[in-house]
Amino acid sequence: MRRPWIVFVALGGLGALLSACNIVGAIAFFTAPRQIQKTEFALTKGRLAVLIEPARADEDNPVFTQALHTKLTEIFREKKVNEQVVPFAEVQRLRQVSPDFDRWDMQRVAKALNAEQLLYIRVEHLSMKSTAAHPVLEPTADLRIKVINPAVPPKQARVWPKSEEREGRPIQRGRPMREASDPGTLDTEADKLGKDVARLVAKPFYDVDLEEKDQWEP
């Protein structure tokens with residue numbers, strides 16, 4: 001006749017133990033140190049040039065390019081990475097006054113801009129429409145990035161990433177499909193894609209809290 005009471009007491013003890021475990025688990029969750037991805041490469045604090053170039057001329061998108069540069073400059077300033085990014089207009093002006101600019105190597109570009117380092121962003125592929133005939137936008141971008149030091153011999157110019165990533169660090173970003181309801185939608189989505197990509201490009205250069213969600217453009 002006593003066994004039901006024994007079972008009841010045992011279950012009660014087990015419940016209390018599980019409850020205590022849950023409380024301890026919750027405390028551990030809230031008191032555990034945050035997961036931080038440390039800075040992979042420290043950029044210069046001096047003048048930093050950002051050069052963005054399309055791999056294919058027919059995929060050049062000025063709206064995307066300017067949004068990427070502007071947002072990247074903003075993030076670098078906010079995260080205290082660098083406050084001396086060469087203005088986008090200054091890079092564009094150098095292009096305009098240099099007829100052979102496309103044949104310049106990256107060290108020469110950096111020197112012409114009086115920059116201590118150059119962050120080179122090569123847009124391998126940029127697409128806004130799923131098909132030319134179908135009015136649906138499917139923004140995607142594939143890039144590779146590298147950091148160049150203009151003050152060393154050419155063979156040592158690339159200082160990041162390591163030699164295993166010969167063509168540079170790959171970056172990819174796509175956005176949800178949406179209908180191209182009006183002519184302005186294309187530019188709006190190109191602007192948003194550029195800002196999203198900037199967030200990914202910036203990450204190797206500052207401490208990233210892995211528990212914070214990426215703040216993509218709406």
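- Checking side-chain atoms of Gln107 against main-chain N and O of Asn149 turns up a donor-acceptor pair under 3.5 Å.
- For the pair Met106 and Glu53, the minimum side-chain heavy-atom distance is 4.5 Å or more.
- Interatomic distance, CD1 of Ile36 versus CG of Leu210, reported as 7.0 Å (0.5 Å rounding).
- With a 6.0 Å radius and a threshold of 12 heavy atoms from other residues, nucleotides or ligands, Gln35 has its CD atom at or below the threshold.
- Residues Trp160 and Leu43 have side chains not in contact (no heavy-atom distance under 4.5 Å, counting atoms from C-beta outward).
- Arg47 contributes a side-chain N or O that, together with a main-chain N or O of Leu113, makes up a donor-acceptor pair within less than 3.5 Å.
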Between Asn61 and Glu59, does a side-chain contact (heavy atoms from CB on, under 4.5 Å) hold up when you go through it step by step? CA-CA 6 Å; Asn61 188 308; Glu59 291 184 354; over 6 Å; no

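- Without hydrogens or angle criteria, Asp207 side chain to Lys38 main chain gives no donor-acceptor distance under 3.5 Å.
- In this structure, Val50 and Val85 have side chains that are in contact, with non-hydrogen atoms separated by less than 4.5 Å.
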Can you give me every donor-acceptor pair (side chain of residues 190-198, partner residue at least two apart or in another chain, under 3.5 Å) with its distance?
from: Asp191; atom 1: OD2; to: Lys195; atom 2: NZ; distance (Å): 3.1
from: Lys192; atom 1: NZ; to: Pro218; atom 2: O; distance (Å): 2.7
from: Asp196; atom 1: OD1; to: Glu217; atom 2: N; distance (Å): 2.9
from: Asp196; atom 1: OD2; to: Arg173; atom 2: NE; distance (Å): 3.2
from: Asp196; atom 1: OD2; to: Arg173; atom 2: NH2; distance (Å): 3.1
from: Asp196; atom 1: OD2; to: Arg175; atom 2: NH1; distance (Å): 2.8

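- Legend: residues meeting ring-ring contact (aromatic ring centres under 6.0 Å, His included) with Trp104, ordered by chain and number and at least two apart, are Phe101.
- The existence of a salt bridge linking Arg93 and Glu90 is excluded, since no basic side-chain nitrogen approaches an acidic carboxylate oxygen closer than 4.0 Å.
- Side-chain atoms of Asn82 never come within 3.5 Å of backbone atoms of Arg77 as a donor-acceptor pair (strictly under, hydrogens ignored).
- Distance check, rounded to the nearest 0.5 Å: CZ of Arg178 to OG1 of Thr188 gives 7.0 Å.
- With sequence neighbours excluded, the residues that form a side chain to side chain contact (heavy atoms under 4.5 Å, CB included) with Leu186 are Met128, Leu137.
- At least one donor-acceptor pair under 3.5 Å links the side chain of Gln117 to the backbone N or O of Thr44.
- Not a single salt bridge (charged side-chain N to carboxylate O under 4.0 Å, His left out) links Lys213 to another residue, sequence neighbours left out.
- Proximity of a side-chain donor or acceptor of Gln37 to a complementary backbone N or O of Val208 within less than 3.5 Å is not detected.
- No side-chain heavy atom of Gln66 sits under 4.5 Å from any side-chain heavy atom of Gln92.
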Take Leu143 and Leu68, measure what side-chain contact (heavy atoms from CB on, under 4.5 Å) needs, and give me the verdict at the end. CA-CA 12 Å; Leu143 311 90; Leu68 169 52; 4.2 Å; yes

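- A search for ring-ring contact (aromatic ring centres under 6.0 Å, His included) contacts involving Tyr206 returns nothing, not counting sequence neighbours.
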Using the rule given for side-chain contact (heavy atoms from CB on, under 4.5 Å), can you reason through Thr73 versus Phe88, listing the C-alpha separation, both sets of side-chain angles and the distance that settles it, and then say yes or no? CA-CA 9 Å; Thr73 301; Phe88 182 75; over 6 Å; no

What's the verdict on side-chain contact (heavy atoms from CB on, under 4.5 Å) for Leu72 and Leu119, showing C-alpha distance, side-chain angles and the deciding distance? CA-CA 11 Å; Leu72 188 61; Leu119 174 57; 3.8 Å; yes

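- The side chain to side chain donor-acceptor pair (under 3.5 Å) analysis of residues 161-171, with sequence neighbours excluded, yields the pairs Glu40-Arg169, Glu165-Arg169.
- Within the 3.5 Å criterion, the main-chain N or O of Lys80 finds a donor-acceptor partner in the side chain of Lys45.
- With hydrogens and angles disregarded, no donor-acceptor distance shorter than 3.5 Å links the side chain of Ser98 to the backbone of Asp100.
- Between Gln172 and Pro170, the closest side-chain pair of non-hydrogen atoms is not below 4.5 Å.
- With hydrogens and angles disregarded, a donor-acceptor distance shorter than 3.5 Å links the side chain of Arg199 to the backbone of Gln215.
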